[in-house]
J.: 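Quick one: this structure, given as structure tokens, is what I'll be asking you about.
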Amino acid sequence: MCQQTQVVTVIPYWERWITRFPTVASLAQAPEQEVLQYWAGLGYYQRARNLHRAAMWFAKVGFPTSYAEWLQVPGVGDYTAGAIASICFNQPTPAVDGNVRRVYARLNAQASASGARTWAAGVMDAQCPGTWNQALMELGARICKPRNPDCKNCPVEKFCSGKSSPEKYPTPTPQRASILIERYVALCRREGKWAMRQAQPGEWGEGLWEFPSKESPWDGEVVGVVRHTITHHRITLKVQMADVDTRVWQAALDIPHLPMGSAHRRIAQNFLGG
DNA sequence: TATACGTGGAG
DNA sequence: TCTCCAAGTAT
């Protein structure tokens, strides 16, 4: 077995993305499959679809200028709308991210962060809402960190009700039990092409390409195992060389350019060599 | 209000 | 190698 050494220039995701989609219009005009292709590997594929829909929205009606309008944009929720409205349009809307929720819970010794938005609206500096919101978020990111918070350098330590045991707030949500999933993946090559399929709506990775798989083994040699986790699902993919009955085939040279999730991408990289 | 979503890095 | 963790939106 001999290993080939090759020099690979890794182009960052953002650079590939911004080169292909330098403007809102270019993103709006792209087919969704291509948007997914450039997003592939990052996860949260619904975000890519929402970003694409948002671009089409902007191309059609322009950028919103208020919190309420931004909330209508696909993929934009309370935090993003509040951040944009306050930072770009000087509107006194809270921008409550995970950092701000943690600052709220500790400052007020609250087990739950559900009151964070009401609190943030109340302490808002209406003269400089964007700067205020960014300061709150930075306080959480740099001082009031999830672990080892730097209380001695905290500008509001003397007001803090949770300072004696900051890591108790907010109470962590109990972790879910893992669900173990085992599937058998078939690699089937005919005339230089590989059997593949696109994940359907309702399946994981909708619209992404993958190799055929099922819960029971195929008739073929197991050549490897790939492990993968999606939230609390621990997935073991056993890779087999097997014959499958399919009508969809992809040329080996095209596979690196298809939108694929990381597990099947790893399978393609590790097992399609021959 | 609780849960699903995908991945990579830290330990 | 394994386990744990992260942040925001949609539903």
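Since we're looking at a predicted model, the values are computed, not measured. Just so it is clear: chains get the letters A, B, ... in the order the sequence lines come, proteins before strands, and each one is counted from 1.
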J.: Could you please name the option among C/dT9, B/dG8, C/dT3 that lies closest to any side-chain atom of A/Tyr79?
T.: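 Taking heavy atoms from C-beta onward, the closest nucleotide is C/dT9.
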J.: Checking all strands, does A/Arg234 fall into the base, sugar-phosphate, or nothing category for heavy-atom contacts under 4.0 angstrom?
T.: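 Touches sugar-phosphate only.
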J.: Under 4.0 Å from OP1 or OP2 of B/dA2: is there any side-chain N or O of A/Arg176 that close?
T.: no
J.: Between C/dT11 and B/dG6, how far is it from one P atom to the other, in whole Å?
T.: 13 Å
J.: Nearest to the side chain of A/Asn50, heavy atoms from C-beta on, is which of C/dG8, C/dA10, B/dA4?
T.: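 Selected nucleotide (nearest to the side chain): C/dA10.
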J.: Cation-pi between A/Arg102 and A/Tyr169: NZ/CZ under 6.0 Å from ring centre and within 45° of the ring axis?
T.: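 No; the conditions do not both hold, so A/Arg102 does not lie above the ring face of A/Tyr169.
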J.: Are A/Ile87 and A/Phe63 connected in a single hydrophobic cluster, I mean Ile/Leu/Val/Met/Phe/Trp/Tyr linked by side-chain heavy atoms less than 4.5 Å apart?
T.: no
J.: Could you tell me the separation between the OH atom of A/Tyr45 and the C1' atom of C/dA10, rounded to a whole number of Å?
T.: 18 Å
J.: Take the protein atom OH of A/Tyr13 and the nucleotide atom C1' of B/dG6, then report the distance between them rounded to whole Å.
T.: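 Spelled out: OH on A/Tyr13 to C1' on B/dG6 is 11 Å.
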J.: Using heavy-atom distances to pick each residue's nearest nucleotide on DNA chain B, tell me which of A/Ser114 and A/Gly205 is more 5'.
T.: A/Ser114
J.: Among C/dC4, B/dG6, B/dG8, find the nucleotide with the atom closest to the side chain of A/Arg265.
T.: B/dG8
J.: Among C/dC5, C/dT9, B/dC5, find the nucleotide with the atom closest to the side chain of A/Arg147.
T.: C/dC5
J.: With a 4.0 Å cut-off on heavy atoms, is A/Pro174 in touch with a base, just the backbone sugar-phosphate, or nothing at all?
T.: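 No contact at all - A/Pro174 keeps every heavy atom at 4.0 Å or more from the nucleic acid.
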J.: Rounded to whole Å, please give me the gap between CZ in A/Arg266 and C1' in C/dT1.
T.: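 Value for this atom pair: 13 Å.
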J.: Taking A/Trp218 for its side chain and A/Tyr184 for its backbone only, find out whether a donor-acceptor pair lies under 3.5 Å.
T.: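 Yes; judged by distance alone, with no hydrogens or angles, the pair exists.
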J.: Out of B/dG6, C/dT9, B/dC5, which nucleotide sits closest to the side chain of A/Thr80?
T.: C/dT9
J.: State plainly whether the residues A/Asp78 and A/Arg117 are in salt-bridge range, i.e. N to O under 4.0 Å.
T.: yes
J.: Could you check which of C/dT3, B/dC5, B/dT3 has an atom nearest any side-chain atom of A/Thr231?
T.: B/dC5
J.: What is the distance from NE2 of A/His232 to P of C/dA6, rounded to the nearest Å?
T.: 17 Å
J.: Ignoring hydrogens and geometry, is there a side-chain-to-backbone donor-acceptor pair from A/Glu69 to A/Ser66 under 3.5 Å?
T.: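 Indeed, once roles are kept as given, a pair shorter than 3.5 Å links the two residues.
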J.: From C-beta outward on A/Pro146, which listed nucleotide comes closest to its side chain: B/dA4, B/dG8, C/dA6?
T.: C/dA6
J.: Considering only B/dA4, B/dG6, C/dG8, which nucleotide approaches the side chain of A/Arg101 most closely?
T.: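 The answer is C/dG8, which lies nearest to the side chain.
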J.: Run the salt-bridge test on A/Arg197 and A/Glu210 with the 4.0 Å N-O cut-off and return the result as yes or no.
T.: yes
J.: What is the distance, to the nearest angstrom, from the CD atom on A/Gln46 to the C1' atom on B/dA4?
T.: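 The answer, rounded to whole Å, is 11 Å.
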J.: Closest approach to the side chain of A/Asp97, judged atom by atom: which nucleotide of C/dT3, C/dG8, B/dG6 is it?
T.: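 When the side chain of A/Asp97 is considered, C/dG8 is the closest of C/dT3, C/dG8, B/dG6.
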J.: What is the distance, to the nearest angstrom, from the CZ atom on A/Arg227 to the C1' atom on C/dT1?
T.: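 Between C1' of C/dT1 and CZ of A/Arg227: 8 Å.
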J.: Measure the distance from CG on A/Asn148 to P on C/dA6 and round it to the nearest whole Å.
T.: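 It works out to 13 Å between those atoms.
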J.: In this structure, how many angstroms lie between the P atom of C/dT9 and the CZ atom of A/Arg53, rounded?
T.: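 Nearest whole value for this atom pair: 14 Å.
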